[in-house]
Visitor: 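Here it is, the structure, as structure tokens.
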There are 2 protein chains.
Amino acid sequence: MTEGGRTLKLALVGLGKIARDQHLPAIEATPGARLAAIASRHAGLDGLPCYPTIDALLAAEPGIDAVTLCTPPDRRFAQALAALDAGKHLMLEKPPGATLAEVAALGRRAAAAGVTLFATWHSREAAAVGPARRWLAGREIRSARITWKEDVRHWHPGQGWIWEPGGLGVFDPGINALSIATAILPDPLLVARSALHFPSNRATPIAAEVDMVTAAGAPVAMELDWRQTGPQTWDISVETDDGALTLSKGGAVLTIDGAEQLAEPDEEYRRLYARFVELVAAGESDVDMSPLMLVADAFLVGRRHVVEPFFDAPEMAT
Amino acid sequence: MTEGGRTLKLALVGLGKIARDQHLPAIEATPGARLAAIASRHAGLDGLPCYPTIDALLAAEPGIDAVTLCTPPDRRFAQALAALDAGKHLMLEKPPGATLAEVAALGRRAAAAGVTLFATWHSREAAAVGPARRWLAGREIRSARITWKEDVRHWHPGQGWIWEPGGLGVFDPGINALSIATAILPDPLLVARSALHFPSNRATPIAAEVDMVTAAGAPVAMELDWRQTGPQTWDISVETDDGALTLSKGGAVLTIDGAEQLAEPDEEYRRLYARFVELVAAGESDVDMSPLMLVADAFLVGRRHVVEPFFDAPEMAT
């Protein structure tokens with residue numbers, strides 16, 4: 001339940017893969033929230049009012065309490081301002097903006113409007129992230145390694161925006177790893193060096209190595225690669241003064257000193273919506289820029305390398 | 001005067017060009033502050049204790065109240081932590097760190113230690129910046145243009161670190177422009193697009209065009225170029241609903257609707273030290289990350305272009 005015991009009436013903007021796979025079932029399963037309208041340029045949902053733009057939606061549906069944006073980051077800022085200026089609570093898919101200054105501006109605007117802004121990092125809600133954070137909390141970090149290797153053709157078929165400036169490239173999944181690492185490690189992370197590998201025909205990197213260090217001095221090496229066929233890897237391993245931990249499958253599975261812990265079911269997006277309902281009820285915001293800040297820092301200090309061109313369909317490369 | 005009416009005993013770390021040209025005379029001219037020790041790997045000053053490292057200085061001079069770091073940004077973080085952990089107030093040359101996460105970490109550390117952190121932006125203290133801000137405060141910004149064109153061989157002779165990852169390249173002067181723009185424009189700036197021109201033999205850009213927009217929607221175009229021989233340009237011009245303003249010579253000269261305003265003398269660094277003494281006395285910090293954030297955003301969303309190689313001595317290019 002939300003403010004005054006009412007159910008939060010939600011509008012979803014953007015009806016792409018992430019919205020259909022994750023947001024719609026999660027909203028359906030969230031007590032205290034109800035999907036009331038959609039904005040999408042191309043699609044609609046049976047039984048729900050649907051509008052081509054967020055502006056049309058906001059004009060036609062004054063009873064909406066909150067908006068979730070699932071659109072690509074490059075066009076999210078204007079939509080976010082429109083929602084905040086209409087007095088709506090706002091939930092953002094990751095990354096919360098195309099630039100850091102955008103996110104900072106949205107945070108100030110939400111505070112001025114007296115509404116909730118929730119910049120979500122869905123990977124932080126993966127089943128084993130909380131247990132990993134609690135296990136690491138009392139220990140001294142010796143070193144950590146982040147390995148995020150996946151097949152971009154499988155996970156981002158035809159999503160040209162990931163290759164355009166601002167699309168983040170391999171940091172689009174890599175920011176998930178950073179959102180987990182910043183949540184479980186007890187010290188802040190700093191980028192020391194990075195190597196960015198740009199396909200000769202693309203504006204964003206297809207692979208990267210980022211050497212980080214905790215503020216306490218422990219090395220944290222991150223390897224990102226979008227050219228991985230066969231088995232996919234989303235692992236974070238941490239060596240401490242009192243044992244070793246591995247988070248695998250993107251935070252779903254926790255192994256401590258070689259022993260796999262009991263796995264809980266995947267409820268990432270259900271947890272996000274439960275948290276959004278809580279934040280609205282409490283009149284609070286949650287805007288953590290640190291994962292995007294580390295990505296920007298990796299670009300800022302990165303050494304650029306040009307690698308072979310990337311084509312969406314592998315046969316085009318021949 | 002400072003805490004308890006005492007004079008602030010300062011140590012200067014790094015004795016390069018900026019320290020000799022600006023910091024030493026400014027400290028000399030600051031009531032309430034006195035230079036008490038130096039750390040420099042290569043140089044010393046007659047009549048002052050000099051140490052090879054900040055650690056040696058801190059160990060030998062427990063009576064030091066505050067430290068100013070004039071070292072290049074890539075090695076500043078460890079020095080800054082050493083000063084803060086020793087309980088010293090800390091003043092940082094621009095940029096305040098090699099990465100945003102570093103600056104954020106220093107801010108948290110200073111707050112925890114209960115000391116003053118002052119991340120300086122010397123260009124904001126240029127004579128005409130304050131008058132420009134006051135003139136713009138009541139006006140609606142229609143557009144702005146930042147033109148920062150200088151000869152890198154003249155201003156950075158033999159400074160190889162500016163071309164290494166993290167050295168910022170042409171954004172090293174460009175961040176001065178951004179520090180002024182963020183100080184005089186009433187709305188926050190956001191990076192929409194940027195083009196970064198990297199010499200084929202260097203890791204940082206020699207030129208850049210950054211298309212920004214104010215949060216209120218006015219376009220702000222920035223052009224940075226380090227290949228400018230002949231006349232040098234450091235101009236910001238702003239069109240408003242009520243006249244036009246130009247700040248030229250890096251903030252030294254103000255022209256309103258074509259009429260040059262009375263110029264004041266250049267006291268950038270004297271103002272910085274006066275402000276540092278004030279901040280320490282008030283127990284406050286001043287850490288504005290926005291200029292560095294805009295640079296990181298320009299790298300994050302930038303489209304990279306490779307241009308002809310750069311050599312320090314022009315004849316080497318033939």
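In the text below, chain A, chain B and the rest are named by the order of the sequence lines, each starting its count at 1. Keep in mind it's a predicted model, so treat the numbers as computed, not measured.
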Visitor: Taking all non-hydrogen atoms of both residues, which atom of A/L189 and which atom of B/A101 are closest, and how far apart?
Guide: O-CB, 3.5 Å
Visitor: More than 12 foreign heavy atoms under 6.0 Å from CZ of A/R145: is that the case here?
Guide: no
Visitor: Side chain, backbone, both or neither: which part of B/L81 has a heavy atom under 4.5 Å from chain A?
Guide: side chain
Visitor: Write down the atom of A/P165, the atom of B/R303, and the distance for their closest heavy-atom approach.
Guide: CD-NH2, 3.4 Å
Visitor: If I take atom CZ from residue B/F299 and atom OG1 from residue A/T99, how far apart are they, to the nearest 0.5 angstrom?
Guide: 15.0 Å
Visitor: Is it the case that over 12 heavy atoms from other parts of the model lie below 6.0 angstrom from the CZ atom of A/R227?
Guide: yes
Visitor: Counting only non-hydrogen atoms closer than 4.5 Å, does B/R193 touch chain A with its backbone (N, CA, C, O), its side chain (CB onward), both, or neither?
Guide: neither
Visitor: Under the side chain to side chain contact (heavy atoms under 4.5 Å, CB included) test against B/L300, which residue among A/L300, A/D297, A/L292 passes?
Guide: A/L292
Visitor: Select one option (side chain, backbone, both, neither) describing which atoms of B/F77 are under 4.5 Å from chain A's heavy atoms.
Guide: side chain
Visitor: Any idea which of A/R304, A/R108, A/M289, A/E102 has the most non-hydrogen atom pairs under 4.5 angstrom with chain B?
Guide: A/R304
Visitor: Between B/L100 and A/M293, what is the shortest heavy-atom contact and its length?
Guide: CB-CG, 3.5 Å
Visitor: Which answer fits B/L294, side chain, backbone, both or neither, if we ask what part of it has an atom under 4.5 Å from a heavy atom of chain A?
Guide: side chain
Visitor: Identify which part of A/A203 has an atom lying under 4.5 Å from any heavy atom of chain B, answering side chain, backbone, both or neither.
Guide: both
